[in-house]
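In what follows, a single structure is set out as structure tokens and then discussed.
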Amino acid sequence: MSVHNADIAALFQRMADLLDIEGANPFRVRAYRRAAATIGELPESVASLIERGEPLETLPAIGDDLAEKIVEIVRTGRLKALEEVEARTPSTLAALTAIPGLGPKRVHALHQELGIRTLADLEAAAKAGRLRDLPKFGAAIEAKILDDIAKHRTTEKRFSIALAEEFARDLTRYLSAAPGATRVVVAGSYRRRRETVGDLDLLVICDDGPALTDYFVRYDEIAEVVSKGPTRSTVILTSGIQVDLRVVPEESYGTALHYFTGSKAHSIAIRTILQDKGLKLNEYGVFKGKERVGGESEEDVFRAAGLGYIEPELREDRGEIEASKAGMLPKLITLADIRGDLHAHTDASDGRSSLEEMAEAARALGYDYLAVSDHSQHVIVANGLDPERLARQLDEIDRLNDRFDGFRLLKSCEVDILADGTLDLPDSILKRLDYTVCAVHFGFDFDSDRQTERILKAMDNRYFNILAHPTGRLIGQRPGYGLDLDRIIEGARVRGCFLEINAHPMRLDLDDIRCRQAKEAGVRLAISTDAHSTVGLGAMRYGVDQARRGWIEAGDVLNTRPWKELKALFDR
DNA sequence: GCCGTTTTCGGCCCGACTGTTTTCAGTCG
């Protein structure tokens, strides 16, 4: 039995939820939450850290006590302290706090006064009108809870960044037309470019807050106004996405933007630094006593904290503050650094655009090169290419390349990694390619060891260059196949192979944490769209965003290089 | 329960909105 980081994080999270409901010391609760975040984000398995005898107390938010509890979980798969809490406070109560308006205090009361343990209990009690007489409850809250339980069942939790962009674009246009609105910015996890977005956080600069929030709630896609005041309002759109609006005056633009961008952990860390310097930070400015000492720009916030500017994508309290203090922040890659796309399909396999159309679209993007990497023969449903068809495609690429000036089609193939770790095409044809993109398309249910060995064995092939969509996950649809990414990253490093950041907004595979781990291990990455049409080439920016979240610089990425330089990296 | 150029105790980020508690607790971001 192996205990994963996610298991430990989940146990700590549940511990925090239940202690919170019990009314425990809130800082103790927070300690468990922070520890859960630390463990959840750790790129290496805690079990292997313990095995190597590395002290867990050096991890942020892990002290003597929690280190001991982590060891207990890894050894036994259980946490006795949690079981003791669960004996008093059933763990099903934690789920109730997902209902808006129900926090730990009210859930505690529901359990103590009415013996409610589950969502079903809660619904029955609300229907029977038993909630309204509890202290801190009332008829209005009771009705709202019933309403939310019904909605809770049907609404989706998070939206892909690409979908969020559509809502953000329309809302921004609407709010920009509001009288007196001088600036409209989408902040929050959207601005940090997370792969999914739970809600949209909109910041509007306007001197007349009440008029602006009045205008906001008249937006025609609003299903429900959750709250509304002179400076802030929350609504739910008909699509189910929640939108939080905040209005501040111009002189508070920087501090409000920083506050509303988050992340929460980053904001807390910055405020703590400022507090140590005798300063106070809120949405309206940086203050020394009553005196305002900054607030117009985000730079004001960082300067006051003695830091250089930190890009939104890095604001997760994962070391960016320390790096900024030390002047060691990365110079993040930008879309302008990208010189070509290393993974794209044509209508020869399952793409929808022709070779020529794809080439023209890539040239229109200003690229130096575009790879043609159709599927190999094993992927029959995608009309994968056998050696003969691939050979004909390579001849066709030669003919087209003769016509191009300052642009080149690269000869590649998305070669299937077969169940035994061999590649789907013989070396005789692979050697004609400029490089390969190799991928797993079946056997997702292999256990982690077998899957890892399968891929490592494929990497042993001298024609293996880039591992495409390394975990196979589809965001919100299916988790990645089980594999030991620590070993895959190390295996790629020693063999001179590379990993892909698949830029498709439903994949974004590798994720931010693993990007950074690969970088630190010295494994370079390809940012590739896996485009199946000319339009698909436009997804590159999502991949760049994910890379930026992973602290990636232009030099860490293959396709920021001219072809000549790249070619040398592909020769093994 | 963590943490320390204010070190082993005493702190721990800050403000808006809601409902009903007429002065604020609970929740949320």
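Just so it is clear: chains get the letters A, B, ... in the order the sequence lines come, proteins before strands, and each one is counted from 1. Just so you know, these numbers use all the heavy atoms, side chains as well, and skip hydrogens, waters and symmetry mates.
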Looking at [X], does any N or O in its side chain come under 4.0 Å of the phosphate oxygens OP1/OP2 on [N]?
X	N	value
A:R30	B:dC13	yes
A:Q242	B:dC28	no
A:R232	B:dA16	no
A:T272	B:dC12	no

- [ ] Report, as yes or no, whether the 6.0 Å neighbourhood of atom CD on A:E224 holds more than 12 heavy atoms from other residues, nucleotides or ligands.
- [x]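 Yes, CD of A:E224 has more than 12 neighbouring heavy atoms, counting only those of other groups under 6.0 Å.
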
What's [X] touching, base or sugar-phosphate or nothing? Going by heavy atoms closer than 4.0 Å.
X	value
A:K280	sugar-phosphate
A:Y32	sugar-phosphate
A:L102	sugar-phosphate
A:I62	sugar-phosphate
A:I268	base
A:P230	sugar-phosphate
A:E57	nothing

From [atom1] of [X] over to [atom2] of [N], roughly how many Å is that when rounded to an integer?
X	N	atom1	atom2	result
A:L59	B:dG1	CG	C1'	15 Å
A:F27	B:dC3	CZ	C1'	13 Å
A:K325	B:dT5	NZ	C1'	11 Å
A:D317	B:dC3	CG	P	12 Å
A:Y259	B:dG29	OH	C1'	5 Å
A:I39	B:dG1	CD1	C1'	14 Å
A:D20	B:dT27	CG	C1'	11 Å
A:L257	B:dG29	CG	C1'	15 Å

Of all the choices, [options], which nucleotide is nearest to the side chain of [X] once you look at every atom?
X	options	answer
A:R246	B:dC12, B:dG29, B:dA16	B:dA16
A:R106	B:dG26, B:dA16, B:dC13	B:dG26
A:Y284	B:dA16, B:dC17, B:dG29	B:dA16
A:R271	B:dG29, B:dA16, B:dC14	B:dC14
A:I141	B:dG15, B:dG19, B:dT18	B:dG19
A:K105	B:dT20, B:dG26, B:dG29	B:dG26
A:N282	B:dC2, B:dG29, B:dC14	B:dC14
A:Q275	B:dC12, B:dG29, B:dT18	B:dC12
A:P104	B:dT27, B:dG1, B:dG15	B:dT27
A:A31	B:dG1, B:dG29, B:dG15	B:dG1

When the [atom1] atoms of [N] and [M] are considered, how many whole Å apart are they?
N	M	atom1	result
B:dC28	B:dT23	P	25 Å
B:dT8	B:dG4	P	12 Å
B:dC2	B:dC13	C1'	16 Å
B:dC9	B:dG15	P	31 Å
B:dC17	B:dG10	C1'	32 Å
B:dC12	B:dT7	C1'	15 Å
B:dT20	B:dG11	C1'	34 Å

Task: Heavy-atom side-chain proximity of A:D201 to A:Y190 below 4.5 angstrom - done: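 A:D201 does not reach A:Y190 side chain to side chain.
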
Open item on the list: As a test of understanding, state which of A:K264, A:R549, A:H266 forms a side chain to side chain donor-acceptor pair (under 3.5 Å) with A:E316.
Closed with: A:R549

Task: B:dT7, syn or anti by chi within 90 degrees of zero - done: syn

Task: Who pairs with B:dT8 - Watson-Crick or G-U, where each distance is under 3.5 Å - done: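 Pairing partner: none.
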
Task: Name of the residue among A:I21, A:I145, A:I141 meeting side chain to side chain contact (heavy atoms under 4.5 Å, CB included) with A:R106 - done: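 Only one option passes, and that is A:I141.
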
Open item on the list: Given A:V186, which partner from the list A:T261, A:L202, A:V197 fulfils the side chain to side chain contact (heavy atoms under 4.5 Å, CB included) test?
Closed with: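 Result for side chain to side chain contact (heavy atoms under 4.5 Å, CB included) with A:V186: A:L202.
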
Task: Closest-nucleotide ordering on DNA chain B, the 5'-leading residue of A:L279 and A:K136 - done: A:L279

TODO: Map A:K277 and A:D65 onto DNA chain B by nearest heavy atom, then report which one ends up closer to the 5' terminus.
DONE: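 Whichever sits nearer the 5' end wins; that is A:D65.
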
TODO: Answer yes or no for A:R315 and A:Y259: cation-pi contact, defined as NZ/CZ to six-membered ring centre under 6.0 Å and angle to ring axis within 45°.
DONE: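 No, A:R315 does not sit over the ring of A:Y259.
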
- [ ] Give a yes-or-no answer on whether the side chains of A:E221 and A:Y174 include a donor-acceptor pair shorter than 3.5 Å.
- [x]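 A:Y174 and A:E221 do not have a side-chain donor-acceptor pair below 3.5 Å.
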
Open item on the list: How close do A:T92 and A:R117 get, counting heavy atoms only, and between which atoms?
Closed with: OG1-O, 2.7 Å

Task: For A:A35, all residues meeting side-chain contact (heavy atoms from CB on, under 4.5 Å), sequence neighbours excluded - done: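 For A:A35 the side-chain contact (heavy atoms from CB on, under 4.5 Å) partners, ignoring immediate neighbours, are A:F12, A:I62, A:L66.
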
- [ ] Examine the base of B:dG29 for any acceptor or donor lying under 3.5 Å from a partner atom in the side chain of A:D199, and report the outcome as yes or no.
- [x]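 Result: no qualifying N/O pair found.
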
